[in-house]
S.K.: 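For reference, the structure I am asking about is given below.
Reckoned from all heavy atoms, side chains included, excluding hydrogens, waters and symmetry mates.
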Amino acid sequence: MMLSSIPLTQAIILVPMLAAVIILMLDRYPNAREAVSLAAGILIAAIAIRLYSDFDFHARVETLLIEPLPGLSIAFQLDELGMIFALVASLLWPITTLYALGYMRAHNEPGQTQFYAWFAIAIGSTMAIAMSANLFTLFVFYELLTLSTYPLVTHGRSDAAKAGGRLYLGMLLGTSIAFFLLAIVGTWLLAGTLTFTQGGVFPEGTSSVSLGFLLVLFVFGIGKAAIMPFHRWLPAAMVAPTPVSALLHAVAVVKAGVFTLLKVCTLIFGIDLLGTLPTTEILMYLAAASILVASLIALRQDNLKKRLAYSTVSQLNYIVLGALMSSSAAIVGSAMHIAMHAVAKITLFFCAGAILVAAHKSNISDMRGLGRQMPLTMTAFFIGSLGIIGVPPTGGTWSKWYLLMGTLDSHAWIIMATLMVSSLLSIIYLLAIPVRAFFPSHNETTTGFSISQEAPLSMLLAIGMTTLATIALFFFPHPIHGLAQAITGSGGGS
């Protein structure tokens, strides 16, 4: 079958899956292998842009692939939230691939063919999650994403990598089977359908106690959202190569988690129903506690990637909190934060990898005066930090603004205070890094950085692109904002 005859919602899934096969066939030809990986990334980015340009805010076309059991189908359908997720993942994949070309070669990493193949399968799974028309389809590819990223986490094959991989696989599969799958079965029994539906799927009169229990199962079962106490897999996975960390924290895994939770809240429960459930407020305060505790833990981390990992746990719970807040503004903020956090955090991880490659440093305490050697990288780190904090001129300004507006709408003053305190903590644990790199204090001895020596060009290009994207989303947030508003029915196309 020609690719042109396949619906774009399926082509965007099929392209990376086919690329994985071709990459494995080109094991002995590294230049061709990497060219295929990069070309596939560019192609799915082009497909995503085409899907956005043709996107109809008022029509939904479902494509049925297979129905293994009556009522349980593998089907794809593109909605506003899926469009946001697809745009983020597809546009960042070729940039991450470009970055990986320089990183993997500079480090002489083994098993690069397998790395790029699993990388492609992970992105194909991510695209399928974004396009899922129902919970069954989403669950299938959610699990495939876990399985396909496990070899990436354990890529180093060291004892630490194996231990991190065991925790990663055990916690994500454990929460999925024990809670997420049970929640899906409960939804089927109570609603008779698993199809994502505007306003929710549960019939009027369904027991609020049963629905409250289901919500708890969903929140804890979607382990990729990293709500505490099911968050430890995320910092443990930092043993992986930096391109994998970028994939986990910005492009695929964690965003698949918060995307899934946001989709469940809006299209399985519905915003109106969510606010009436007895467990919603409890889960909100748990997410708020996760934000603060993760921020405090981040403050204590000297290893740069671990500090960024705990920052991710904190920022993911912003999205969880917004999804649970039962406010249109908060939903808009959560959906926008999927994109705004992605570009800022991938920038920070790219910088961490560049520092490791060029300066061979991974601990923050060893980076005093590093700005002299790597001014471009540390400037990018500064801008990415501003994006995570949520201040101009970065896109994070808008998502955090809407989340704060959501707390006002909900009169959630404790939640508002939590968000503000967390932003202050992020200033301390993020901005301290470029400040010490550029302006070490007189009583601190620098590590002898004097000659400018940045990372390989492909890595610098990737860092430059995501840094510019972080700023561009401040001045041009309209595509993401329009899609996010349409999720709540308050905006979109005419």
Side-chain angles (χ1 to χ4, degrees), residues 164 167 225-239 242 245-246 248-250 254 285-321 337 340-341 344-353 355-356 361-371 377-378 380-391 394 396 399-400 403-404 414-441 443-444 446-447 470:
L167 182 59
I227 193 167
M228 290 183 171
F230 300 108
H231 70 287
R232 290 177 55 243
W233 64 269
L234 203 156
M238 289 304 95
V239 294
T242 300
S245 300
L248 294 175
H249 289 265
V254 295
Y285 285 113
L286 178 60
S290 296
I291 290 172
L292 289 180
V293 172
S295 297
L296 291 170
I297 296 175
L299 278 171
R300 300 172 53 194
Q301 303 303 311
D302 187 39
N303 181 275
L304 180 53
K305 284 176 68 175
K306 282 195 174 181
R307 182 173 292 195
L308 296 180
Y310 280 103
S311 168
T312 297
V313 174
S314 176
Q315 294 295 315
L316 288 177
N317 279 279
Y318 276 71
I319 301 173
V320 173
L321 195 56
H337 205 54
M340 306 307 183
H341 175 261
K345 184 50 66 70
I346 202 171
T347 300
L348 296 183
F349 272 103
F350 280 175
C351 291
I355 292 168
L356 184 62
K361 304 294 181 185
S362 57
N363 290 335
I364 296 164
S365 57
D366 295 330
M367 297 178 189
R368 302 182 188 96
L370 182 60
T377 299
M378 295 314 302
F381 193 98
F382 173 72
I383 294 170
S385 298
L386 295 182
I388 298 298
I389 296 164
V391 294
T394 65
S399 55
K400 291 202 172 183
L403 286 167
L404 283 173
I414 295 176
I415 301 300
M416 175 186 284
T418 298
L419 298 183
M420 295 176 72
V421 170
S422 173
S423 291
L424 291 174
L425 290 172
S426 63
I427 291 173
I428 298 171
Y429 68 69
L430 287 177
L431 288 189
I433 299 167
V435 167
R436 293 179 76 187
F438 284 116
F439 310 107
S441 61
N443 60 349
E444 289 182 326
T446 66
T447 51
T470 301

S.K.: Which residues satisfy the side-chain hydrogen bond (donor to acceptor under 3.5 Å, both in side chains) test with Thr377, sequence neighbours excluded?
M.R.: Glu454
S.K.: Would a 4.5 Å heavy-atom cut-off, applied to side chains only, mark Val293 and Met228 as touching?
M.R.: yes
S.K.: Please report the shortest heavy-atom distance between Val313 and Ala226, naming the atom on each side.
M.R.: CG1-O, 3.6 Å
S.K.: Please answer whether the main-chain N or O of Tyr310 pairs with a side-chain N or O of Ser314 as donor and acceptor at a distance below 3.5 Å.
M.R.: no
S.K.: How many angstroms lie between atom CG of Leu286 and atom CD1 of Ile291, to the nearest 0.5 angstrom?
M.R.: 10.5 Å
S.K.: Between Leu403 and Leu321, does a side chain to side chain contact (heavy atoms under 4.5 Å, CB included) hold up when you go through it step by step?
M.R.: CA-CA 9 Å; Leu403 286 167; Leu321 195 56; over 6 Å; no
S.K.: Between Gly384 and Ala344, which heavy-atom pair has the shortest distance, and what is it?
M.R.: O-CB, 3.6 Å
S.K.: Are the side chain of Ser422 and the backbone N or O of Thr418 linked by a donor-acceptor pair below 3.5 Å?
M.R.: no
S.K.: Could you measure the distance from the CG atom of Leu308 to the OG1 atom of Thr242? Nearest 0.5 Å is fine.
M.R.: 10.0 Å
S.K.: Which heavy atom of Ala225 sits nearest to which heavy atom of Val320, and what is that distance?
M.R.: CB-CG2, 4.1 Å
S.K.: Assess whether atom CZ of Phe382 is packed by more than 12 heavy atoms of other residues, nucleotides or ligands within 6.0 Å.
M.R.: no
S.K.: Can you check whether Leu234 reaches Leu316 side chain to side chain, under 4.5 Å on heavy atoms?
M.R.: yes
S.K.: State whether the side chain of Asp302 and the backbone N or O of Ser365 hold a donor-acceptor pair below 3.5 Å, judged by distance alone.
M.R.: yes
S.K.: Within the 4.5 Å heavy-atom criterion, are Leu296 and Arg300 side-chain neighbours or not?
M.R.: no
S.K.: Less than 4.5 Å apart, side chain to side chain, heavy atoms only: is that true for Leu356 and Lys361?
M.R.: no
S.K.: How long is the gap from CD1 on Ile355 to CG on Leu370, to the nearest 0.5 Å?
M.R.: 5.5 Å
S.K.: For a 4.5 angstrom cut-off between non-hydrogen side-chain atoms, does Ile433 reach Met378?
M.R.: yes
S.K.: Answer whether the closest heavy-atom distance between the side chains of Ile389 and Leu431 falls below 4.5 Å.
M.R.: yes
S.K.: Would you mind reporting whether Leu292 and Val421 have side-chain heavy atoms less than 4.5 Å apart?
M.R.: yes
S.K.: Would you say that Phe381 contacts Ser385 through its side chain, given a criterion of any heavy-atom pair below 4.5 Å between the two side chains?
M.R.: yes
S.K.: Looking just at side-chain N and O atoms, do Ser399 and Tyr318 make a donor-acceptor pair shorter than 3.5 Å?
M.R.: no
S.K.: Nearest 0.5 angstrom please: Ile346 CD1 to Thr470 OG1, how far?
M.R.: 9.5 Å
S.K.: What residues form a side-chain hydrogen bond (donor to acceptor under 3.5 Å, both in side chains) with His231, not counting sequence neighbours?
M.R.: none
S.K.: Decide yes or no on side chain to side chain contact (heavy atoms under 4.5 Å, CB included) for Ile364 and Gln301, but give the supporting numbers first.
M.R.: CA-CA 8 Å; Ile364 296 164; Gln301 303 303 311; 6.0 Å; no
S.K.: So, for Ala309 and Pro235, which heavy atoms are closest and what is the spacing to 0.1 Å?
M.R.: CB-CA, 3.9 Å
S.K.: Between CG of Leu430 and OG of Ser423, what distance do you get to the nearest 0.5 Å?
M.R.: 10.5 Å
S.K.: Checking the side chain of Lys305 only, and the main-chain atoms of Ser362 only, is there a donor and an acceptor separated by less than 3.5 Å?
M.R.: no
S.K.: Let me confirm one number: the CG-OG distance from Leu348 to Ser245, rounded to the nearest 0.5 Å.
M.R.: 12.0 Å
S.K.: For residues Ile388 and Ser311, report the shortest heavy-atom separation together with the two atoms involved.
M.R.: CG2-OG, 4.0 Å
S.K.: Checking Arg232 side chain against Leu167 main chain: does a donor-acceptor pair fall under 3.5 Å?
M.R.: no
S.K.: Without swapping roles, check the side chain of Arg368 against the backbone of Arg436 for a donor-acceptor pair under 3.5 Å.
M.R.: no
